[in-house]
Amino acid sequence: MESTEEISYVSQQEAIEIDQMLMGPLGFSLDQLMELAGFSVASAIGEVCSSSEYTRVLVICGPGNNGGDGLVAARHLHHFGYKTSICYPKRTTKPPFAGLITQLQSLSVPFLPVEYLPMQLSSNFEIIVDAIFGFSFHGNPRPPFDSLIRRLVSIRNQQHTHEKAAVIISVDIPSGWHVEEGDVCGEGIEPDMLISLTAPKLCAKMFRGQHHFLAGRFVPRSIIDKFKLKLPSYPGTSMCVRIGNLPQTNLSAQEGIFAASVYLEVEEDPIDQFQKWLGDALAAGVKEPHYMVLSTADKDAKPSSRMISLEGVNQDGFVWHTNYGSRKAREISENPHASLLFYWGPLKCQVRVEGFVEQVSDEESEQYFSSLPRDIQIRPIVSKQSTVIHGREVLHQQYKELEEKYHDRTSIPRPKHWGGYRLIPEFFEFWQGEESQVQLKLRYYAEEIDGRKVWRVHKLVPRLAESTSSL
């Protein structure tokens with residue numbers, strides 16, 4: 001760990017001169033530098049965002065060398081076990097870019113056109129790598145990169161409102177920033193993580209995210225001496241080193257103590273309350289906080305429950321997608337009343353939601369399906385839920401056949417037996433515990449007044465739990 005005051009920050013001109021020296025008298029080729037940078041970027045991402053907790057990654061690559069670094073990082077992330085997708089709108093056939101594209105295609109890493117990306121990138125990706133513009137970029141971003149940058153900015157706005165948001169990681173320069181002056185307009189990307197290459201650029205002094213890494217172990221002594229650089233030492237065999245201070249650990253989350261007391265701040269709208277709690281769970285590092293228990297019942301009121309993934313929540317309700325032939329789908333068709341349960345153990349929080357379930361429109365299901373990476377699109381085509389099969393190898397064979405069938409197709413048609421459902425809430429219960437076993441419940445009931453839904457909230461008297469497991 002190095003203090004930021006002890007590390008050199010270089011200007012745009014110095015960064016250009018360092019690159020010229022590396023690829024001139026010092027004998028580095030462009031593909032060598034991209035390989036070193038991309039591998040270091042992937043290593044830094046792996047150090048902060050474990051592939052066991054963060055699975056789906058989107059790497060957005062620009063038209064220049066920064067985009068090449070992103071392509072290399074995407075290849076390594078794939079080998080590290082991440083489900084990686086790439087958006088590379090302005091491809092070039094020049095070497096080494098063409099070779100990188102071929103390598104990624106041979107690994108079946110999907111390249112997603114801009115028009116296939118969801119407007120809310122966080123709905124499909126847990127990590128987004130910003131490899132759009134590097135230190136040599138100047139001027140205003142042109143289409144489609146201007147709209148992509150705006151989408152990345154909107155993710156930060158989601159974080160501010162406690163909505164589910166992807167982690168943004170910028171390579172060398174947050175795209176849209178001035179290389180020396182930073183986000184001069186105040187409307188640029190605010191990444192959670194910045195990975196500076198070779199040496200931090202002056203704009204990195206304005207970075208306020210949690211994680212700042214430097215990737216540049218290959219910098220020769222001659223460059224360090226010429227530019228009087230103060231660079232950190234790299235630990236062990238690592239190609240990256242953290243600079244600046246470690247983020248403060250959330251001790252309350254680690255020890256299982258919810259920081260708030262019984263004087264809980266209460267929102268008038270339960271959706272706002274839910275999104276705030278979900279944001280707290282994300283900030284505390286709770287694993288897979290968007291997973292929920294869906295409970296349904298058939299026409300005879302026999303219940304069944306299963307874990308599924310929440311894929312969208314707003315004022316209209318809670319959305320997930322499934323096979324229309326599954327047991328839960330059949331039960332919803334017989335009895336459209338259902339409940340959801342979220343439990344975030346480290347925070348001692350639980351949310352129950354009850355309501356009426358409806359099928360979303362075909363247009364909404366189509367839009368969501370088209371935004372999914374190719375490998376995820378194939379899964380519902382193969383999976384005939386709740387049907388008998390002779391063995392797992394049958395599914396593997398069908399999956400392989402579909403991969404071959406669609407390998408050169410830009411899109412895969414949505415299977416008609418798969419789509420979305422929405423639970424329209426009528427009741428919420430928020431449960432909160434403390435280390436002292438004092439419990440608090442908030443209950444919201446929906447009432448219709450003058451043709452519109454109004455929520456009534458009841459703050460229940462705190463009580464002591466009968467046991468440490470009592471909810």
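Heads up: numbering here begins at 1 and tracks the sequence.
With a 4.5 Å cut-off on side-chain heavy atoms, Lys201 and Asp172 count as touching. Inter-residue side-chain proximity for Ile308 and Thr322 is flagged as unmet; no heavy-atom pair is nearer than 4.5 Å. Glu364 is not listed as a side-chain neighbour of Glu366, based on a closest heavy-atom distance of 4.5 Å or more.
Ring centers of Phe274 and Phe342: under 6.0 Å apart, within the cut-off. For Tyr324 and His417, the distance between ring centers is not under 6.0 angstrom.
Ring-plane geometry between Phe80 and His76 is classed as tilted, the angle between the planes lying from 30 to 60 degrees on a 0 to 90 degree scale. Relative ring orientation between Tyr421 and Trp320 is described as parallel, the plane-to-plane angle staying below 30° on a 0-90° scale split at 30° and 60°.
Among residues two or more places apart in sequence or in another chain, the side-chain contact (heavy atoms from CB on, under 4.5 Å) test is passed with His78 by Thr84, Leu107, Val109. A search for side-chain hydrogen bond (donor to acceptor under 3.5 Å, both in side chains) contacts involving Thr296 returns Ser304, Arg306, Glu331, not counting sequence neighbours. For Tyr291, there are no ring pair (Phe, Tyr, Trp, His ring centres under 6.0 Å) partners, not counting sequence neighbours. Applying the ring pair (Phe, Tyr, Trp, His ring centres under 6.0 Å) criterion to Phe145, with sequence neighbours excluded, gives Phe133.
A salt bridge is defined here as a Lys NZ or Arg NE, NH1 or NH2 lying under 4.0 Å from an Asp or Glu carboxylate O, and Asp298 with Arg330 fails to meet this definition. Salt-bridge annotation for Arg75 and Glu35: present, with a side-chain N of the basic residue lying under 4.0 Å from a carboxylate O of the acidic one. Here Asp316 does not pair with Arg422 in a salt bridge; the nearest charged N to carboxylate O distance is not below 4.0 Å.
Proximity of a side-chain donor or acceptor of Asp192 to a complementary backbone N or O of Ile168 within less than 3.5 Å is detected. Although no hydrogens or angles enter the test, the distance criterion places a donor-acceptor pair under 3.5 Å between the side chain of Tyr234 and the main chain of Gly216.
At a cut-off of 3.5 Å, with distance as the only test, no side-chain donor of Arg242 or His212 sits close to an acceptor on the other residue. Counting only N and O atoms by type, the side chains of Glu311 and His321 include a donor and acceptor under 3.5 Å apart. Looking only at atom types and distance, the side chain of Tyr445 has no donor-acceptor partner in the side chain of Glu426 under 3.5 Å away.
The salt bridge (Lys or Arg N to Asp or Glu O under 4.0 Å) analysis of residues 202-217, with sequence neighbours excluded, yields no pairs. Within the structure, the salt bridge (Lys or Arg N to Asp or Glu O under 4.0 Å) test picks out no pair touching residues 107-125 (sequence neighbours left out).
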Problem - Step-by-step salt bridge (Lys or Arg N to Asp or Glu O under 4.0 Å) determination, Glu267 to Lys276 - result: CA-CA 9 Å; Glu267 299 289 336; Lys276 177 178 290 187; 2.5 Å; yes

Practice task
Would you check, one step at a time, whether the test side chain to side chain donor-acceptor pair (under 3.5 Å) holds for Ser175 with Asp130?
Solution key: CA-CA 7 Å; Ser175 293; Asp130 158 32; 2.5 Å; yes

